[in-house]
Amino acid sequence: MSLHSRNDIYAVMSDEEFRAQARAFIEANYPDIPRFSQKRLHFSQSKPWYMALARKGWVAPAWPVEHGGMGLSATKQLIWIEENERFGAARINDIGPVMLGPLLIQFGTDAQKAQFLPKILSGEHIWAQGYSEPNAGSDLAAVRTEAVLDGDEWVINGQKTWATLGNDANWIFILARTDKSVKKQAGISFILVPMDLPGVTVRPIENLEMHDEFCEVFFDDVRVPRENLVGAVNQGWTMAKALLGHERVFIGAPRLSSSALARLDLLARKVGVADDPAFQDRFTRLRLDVADLTALFETYIEKLRHGEAIGADVSIMKIFQSELYQRISEEMMAIGGATAALLEPFEHDPRLHAAGTYLMARPTTIFGGSNEVLRNVLARMVLDLPA
Amino acid sequence: MSLHSRNDIYAVMSDEEFRAQARAFIEANYPDIPRFSQKRLHFSQSKPWYMALARKGWVAPAWPVEHGGMGLSATKQLIWIEENERFGAARINDIGPVMLGPLLIQFGTDAQKAQFLPKILSGEHIWAQGYSEPNAGSDLAAVRTEAVLDGDEWVINGQKTWATLGNDANWIFILARTDKSVKKQAGISFILVPMDLPGVTVRPIENLEMHDEFCEVFFDDVRVPRENLVGAVNQGWTMAKALLGHERVFIGAPRLSSSALARLDLLARKVGVADDPAFQDRFTRLRLDVADLTALFETYIEKLRHGEAIGADVSIMKIFQSELYQRISEEMMAIGGATAALLEPFEHDPRLHAAGTYLMARPTTIFGGSNEVLRNVLARMVLDLPA
Amino acid sequence: MTDLAEIEMIRDSARAFVPPGGDLVRIRGLRFGEAGFDPAIYRQMAEMGWLMLRLPEEEGGLGLGMRAYCALAAVLGAGLVPEPLIHANLAVRLLGAGVGDAVLAGTRIVLPAWQAGFDGLDLAAGVTGAAGGLSGEKRFVYQAAGADAFLVTGAEGGWLVEAGAEGVSLECEGTQDGGHFGSLRLAGVSAERIDLIDPAAALDEAALATSAYLLGVAETAFEMTLDYLRVRKQFDKPIGSFQSLQHRATDLKMQLALLRAGVDMAAGALDAGVDDARRSALVSQVKVRAADTAMLVAREAVQMHGAIGFTDEHDVGLFVRKAMTLANQFGSAAFHRRRFAAMQPYAAA
Amino acid sequence: MTDLAEIEMIRDSARAFVPPGGDLVRIRGLRFGEAGFDPAIYRQMAEMGWLMLRLPEEEGGLGLGMRAYCALAAVLGAGLVPEPLIHANLAVRLLGAGVGDAVLAGTRIVLPAWQAGFDGLDLAAGVTGAAGGLSGEKRFVYQAAGADAFLVTGAEGGWLVEAGAEGVSLECEGTQDGGHFGSLRLAGVSAERIDLIDPAAALDEAALATSAYLLGVAETAFEMTLDYLRVRKQFDKPIGSFQSLQHRATDLKMQLALLRAGVDMAAGALDAGVDDARRSALVSQVKVRAADTAMLVAREAVQMHGAIGFTDEHDVGLFVRKAMTLANQFGSAAFHRRRFAAMQPYAAA
């Protein structure tokens with residue numbers, strides 16, 4: 001397969017060669033769509049970029065080469081992220097490549113892999129995630145959406161919420177309750193659902209950025225084939241946790257904070273406080289936080305590189321990075337003067353948008369495990385404190 | 001009574017007149033003992049000052065005039081504190097005047113008042129407080145020191161700890177368990193114990209300031225007359241809470257923070273960072289915290305002045321003031337450079353002692369109700385949050 | 001009437017516009033509309049005398065003190081009232097009774113165009129009134145699209161500029177609270193110079209009233225959050241029973257208590273009379289706490305509401321946006337910290 | 001031997017001096033004594049080669065990298081070792097093998113007298129080596145009373161000054177950790193000028209090793225605190241089960257993880273070779289986190305221990321005092337923040 005052999009090359013390429021190639025590719029192929037947007041673009045807008053990546057075979061940097069991924073090392077994945085950040089490239093609808101793909105590769109049947117992976121790579125399937133529910137947020141194991149086997153079909157009823165860009169997706173994977181008689185983590189299964197079926201309703205939710213980034217998804221007697229189950233029945237909780245995997249490292253990557261720091265620097269220059277020593281003192285503190293987070297992040301990347309296990313302590317990074325991101329955004333609000341009140345970027349420069357950064361930073365401490373829940377878990381699992 | 005009529009004058013004196021008189025008195029009568037000491041002086045050192053106050057009739061600013069106090073308004077009490085602070089006068093052994101006196105005035109028998117109040121005023125009785133125990137700190141109601149009635153005597157066994165300047169005292173009041181069959185708050189009584197009795201042992205505890213400010217007090221079959229009970233049997237918890245009274249306001253007074261701020265200012269000049277704009281920014285933040293705390297404190301003083309009830313929300317001030325005091329002391333450590341490491345005041349000036357202020361600030365968040373427990377109480381009682 | 005009775009009266013009359021329990025349908029309806037507020041409601045407020053609050057009684061005003069004004073502003077903040085009362089009052093305060101009956105009656109809306117820079121309280125910059133007429137630019141004019149005229153300020157005084165006059169152009173940008181800022185460009189506009197009445201004091205009063213408004217915003221957001229903590233369950237318990245949230249809620253209460261005490265203290269001091277430096281220092285002290293507390297409460301309110309707090313449909317977001325919009329108005333916390341230190345150099349007690 | 005094996009080896013040998021479980025009787029015994037440390041133990045440490053760690057192998061040293069040095073320092077910090085190893089190493093580092101065998105063997109103790117100001121890393125100030133001999137004052141010489149000689153630094157190089165030489169006087173003041181600082185006054189002392197080897201790098205290395213020592217101090221104080229949280233009961237529950245303490249403990253863990261990562265990263269970078277500005281920036285980055293984290297852990301350790309934590313008899317206080325003593329050594333966090341910004345001006349990634 002030409003795709004396969006072509007992709008193998010990244011393993012032997014030096015990091016710097018790869019960086020140069022990534023940069024050149026982005027610059028040459030990024031379509032005429034917004035850069036440095038703080039809001040997630042919808043698929044209708046970002047599709048040309050997804051397609052450009054699909055043509056190049058670069059939709060799935062982390063997947064093994066044999067499944068059509070780039071098979072990048074952790075370091076090269078990071079470089080790829082950095083180069084996208086540097087250019088201000090839009091984030092694609094990446095739940096398929098980032099979340100579902102690796103899960104199917106690990107737990108899916110051969111038929112499932114054959115059916116779904118190529119369509120993620122081609123952009124034919126855009127996935128949404130159906131985890132949270134109105135009463136199962138921090139307490140995810142409390143999901144009540146139900147799937148009942150009726151002959152060869154699962155019949156699904158319930159409601160999911162906070163499905164990122166759910167209105168762009170044509171497929172959704174969900175955690176559904178398949179056994180109510182056991183303790184709550186033990187009765188959950190992982191099921192794939194086409195969103196164009198009768199009974200599936202999507203309601204976008206406007207967020208504080210006035211953006212319909214999140215959706216509620218309702219299931220009303222939705223029927224899917226028995227084979228849409230991934231893994232065994234009632235094994236959903238195990239998979240939900242496995243899904244974290246590498247993600248637990250990358251969700252703590254310093255990139256959101258370091259890019260916010262660059263925005264803070266630009267804004268400080270714009271409003272004329274960059275040379276104020278009191279500002280510089282605060283800015284240096286934030287810089288040092290980003291620098292130390294980067295050092296910590298690299299120790300985990302090093303572990304990934306050596307195939308070492310990642311412990312529960314990894315969520316330290318997610319907590320610190322999200323709160324640092326927020327602190328930087330709060331400093332932007334503090335120095336932004338009147339511009340901090342604006343609804344749209346000041347002078348149409350998305351990097352000068354204090355309020356946008358401030359608002360975009362809010363959910364990072366809530367989603368991906370609220371920082372409160374992560375602290376609970378760290379206290380028990382890492383610090384061995386009593387319940 | 002000449003003392004009585006002489007003291008009545010404060011009620012009609014203007015605040016500024018009183019301030020002038022207080023200042024003049026301190027300046028004229030302060031004995032040759034240390035000023036601005038961060039460590040509490042022992043009675044052996046501070047006695048001349050106690051005696052000077054006793055001669056003037058100024059040992060008990062808050063007591064009513066008819067009991068030999070000054071009968072000062074809340075505002076004048078504050079002025080008295082401020083003038084002492086300004087001069088750097090040593091704090092006397094004030095558990096008698098500040099804590100026990102008001103309690104006896106409220107709950108004591110006439111015989112108890114006649115027996116004890118004059119001896120507090122004269123300095124003959126120096127009191128210690130016996131509340132905390134090794135396993136009853138934040139959870140004060142867990143006291144286990146026991147008092148059993150045997151004929152006309154209480155027989156006391158147990159151990160108290162954190163008795164401030166207990167090694168100076170000749171009397172101690174204790175919370176003792178007198179009924180083990182009821183729920184823990186309901187079986188506690190308040191008893192007065194001479195410390196020179198057989199079976200009373202005092203062990204000083206050196207604190208981080210290398211000062212034996214606190215003591216453990218052991219009771220081994222100590223026998224005191226039945227009349228040494230204050231209030232009714234098993235009414236001790238009510239009295240322990242009542243003892244707070246005005247104290248709940250004054251414990252949140254900004255004076256520790258404002259005097260620490262003055263020390264920070266002096267130290268900043270000494271080490272040459274006073275003009276650094278980044279320091280000034282941080283200093284101004286601390287100043288504003290002190291200023292706002294002062295504004296809040298004055299609203300409570302105003303309530304006291306109008307005889308209004310003080311609610312549970314008053315402990316907001318204690319939390320904020322103690323943590324502010326600590327933050328100021330931490331800034332002293334941060335700017336103090338090498339001087340911050342010193343055991344004794346730099347250049348023998350007690351006001352330049354970063355480490356001393358830092359250490360003295362530590363227990364303020366622990367004693368007088370730990371800030372954690374106070375926050376629990378506020379959450380339930382003031383914010384009405386669920387248990 | 002005693003001061004306290006006056007304050008109670010104005011608070012009660014304000015509550016008529018801000019129903020308890022917070023019916024925010026009106027507020028939502030006005031968001032991102034052209035004027036950003038309701039001129040009819042504005043007129044009703046004017047009928048309450050709210051545009052002549054600070055005018056002396058002998059000039060036909062209510063002659064109320066800052067304590068009454070702050071009491072009003074706090075109630076308006078609690079209800080997120082979008083009508084630019086504080087701004088309109090600033091114009092009246094600068095111009096005095098000569099501003100005209102239509103303005104005081106709310107049928108003619110005059111808003112101040114005083115700001116040119118990003119931050120601070122400098123009303124002199126941005127425009128010049130040279131021979132060829134008034135020229136230059138004022139920015140960040142709050143709710144400008146609803147104004148009939150602007151009180152443009154400069155180093156030498158002010159100018160009353162009709163919104164539709166020759167050489168005047170206005171460009172508006174939305175603000176987070178659903179209102180907007182106008183950029184007012186003036187190219188040789190003919191207008192007569194007017195003396196402004198004690199502009200430094202007037203701006204300080206607007207900053208203090210804004211602090212009180214922010215207090216109302218923050219207190220209400222806090223109450224909403226407490227309500228949510230009491231009922232929202234996760235892990236089979238109300239989340240308000242979790243100690244870490246209890247402690248953080250206590251910290252918010254602490255800041256709110258400090259802010260309320262500061263507003264009361266500063267308003268009382270201004271009413272009692274203080275010199276200029278002390279007045280500015282006190283106002284700066286309060287504005288710092290107001291901006292910081294409103295932003296602190298806003299971010300904790302979102303966090304404690306969890307994902308739902310990040311949706312526009314939940315009302316807590318309205319309070320967050322209002323805090324974001326007003327925190328830096330009439331000087332940011334950073335500006336006021338510097339001014340406080342300058343106006344009142346430290347001297348140990 | 002591989003780098004990692006070297007590091008493991010030195011860590012193991014260090015642990016022989018710092019028994020696990022922390023027997024702090026020796027530490028308490030030495031507190032506030034004249035020398036502040038035990039010269040016999042110091043000699044044993046020298047016998048391990050710990051004074052020639054950084055001397056190149058070709059000069060008879062161990063030629064170890066900063067990673068090994070930091071691993072050693074962290075273990076010493078965990079045990080609160082009072083022997084001035086980092087300071088003595090700084091003298092050796094500045095003088096090279098020419099310092100003499102007695103020094104390397106620990107039988108002659110040379111400590112650097114480099115500091116004159118309150119803060120920073122300026123080794124030039126305080127003394128001048130004019131015609132009449134060496135004169136001036138160096139201050140804050142750690143554990144000075146135990147030194148046989150001082151390496152006095154100045155703008156033109158260094159001078160080796162015997163403690164008992166004519167014109168030398170030493171006055172000592174206690175430090176919180178039970179050691180002391182000496183003020184070294186020199187009045188026309190005759191001493192020969194010596195070239196110092198790369199003094200800026202040497203001071204950076206001392207600052208980094210001090211950061212590693214502080215890491216050991218803070219980690220151990222944290223472990224002690226966790227142990228206490230697990231067993232101490234109030235309200236019939238272990239206090240470590242209270243969520244607010246759990247969350248605060250998590251925050252300490254977070255800072256410790258950042259500090260450890262920073263120490264490892266900077267030591268690795270120095271071993272790999274970086275230019276002077278980058279070296280200083282990295283060291284400053286780490287020293288900031290080390291000082292701030294040690295002080296944060298110290299104060300939370302006292303708070304979480306409650307009243308007992310404020311007693312001198314509880315061991316947690318020893319860690320608090322060590323943090324207080326070392327936080328500002330070789331530059332405070334404030335100094336290093338400024339230096340970081342100066343050495344590595346911000347450029348967006």
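Throughout, protein chains are lettered first and strands after them, A, B, ... in sequence-line order, and every chain is numbered starting at 1. As a basis for the values below, the full set of heavy atoms in this structure was taken, side chains included, without hydrogen atoms, waters or symmetry mates.
Both the backbone and the side chain of Ala291(A) come within contact range of chain D, with heavy atoms under 4.5 Å apart. Contacts of Asn371(A) with chain D are absent, with no heavy-atom separation under 4.5 Å from either backbone or side chain. For chain D, no part of Asp313(A) is nearby; none of its heavy atoms comes within less than 4.5 Å. Only the side chain of Gln255(D) comes within contact range of chain A, with at least one heavy atom under 4.5 Å from a heavy atom of that chain.
Listed in order of number, the residues of residues 232-254 of chain D that approach chain A to under 4.5 Å between heavy atoms are Pro238(D), Gly240(D), Ser241(D), Gln243(D), Gln246(D), His247(D), Ala249(D), Thr250(D), Asp251(D), Lys253(D), Met254(D).
Between chain D and the residues Arg285(A), Glu85(A), Arg263(A), Gln280(A), the most heavy-atom pairs under 4.5 angstrom are made by Arg285(A). The greatest number of non-hydrogen atom pairs below 4.5 Å with chain D, out of Thr294(A), Asn376(A), Val382(A), Leu378(A), is found for Asn376(A). When the candidates Pro386(A), Ala379(A), Ala295(A) are compared by the number of heavy-atom contacts under 4.5 Å with chain D, Pro386(A) comes out ahead.
A side chain to side chain contact (heavy atoms under 4.5 Å, CB included) with Leu288(A) holds for exactly one of Val288(D), Leu258(D), Val286(D); it is Val288(D).
Pairing each heavy atom of Leu296(A) with each of Ala257(D), the nearest pair is CD1-O, 3.7 Å. Across all non-hydrogen atoms, the minimal contact from Arg287(A) to Phe340(D) is CZ-CE2, 3.5 Å.
Using a distance-only test at 3.5 Å, with no hydrogens or angles considered, no donor-acceptor pair links the side chain of Arg337(D) to the main chain of Thr284(A).
One finds the CG atom of Asp264(D) at 11.0 Å from the CD atom of Glu302(A) (value rounded to the nearest 0.5 Å).
Salt bridge annotation for Asp281(A)-Arg338(D): absent, with no cationic side-chain nitrogen under 4.0 angstrom from a carboxylate oxygen.
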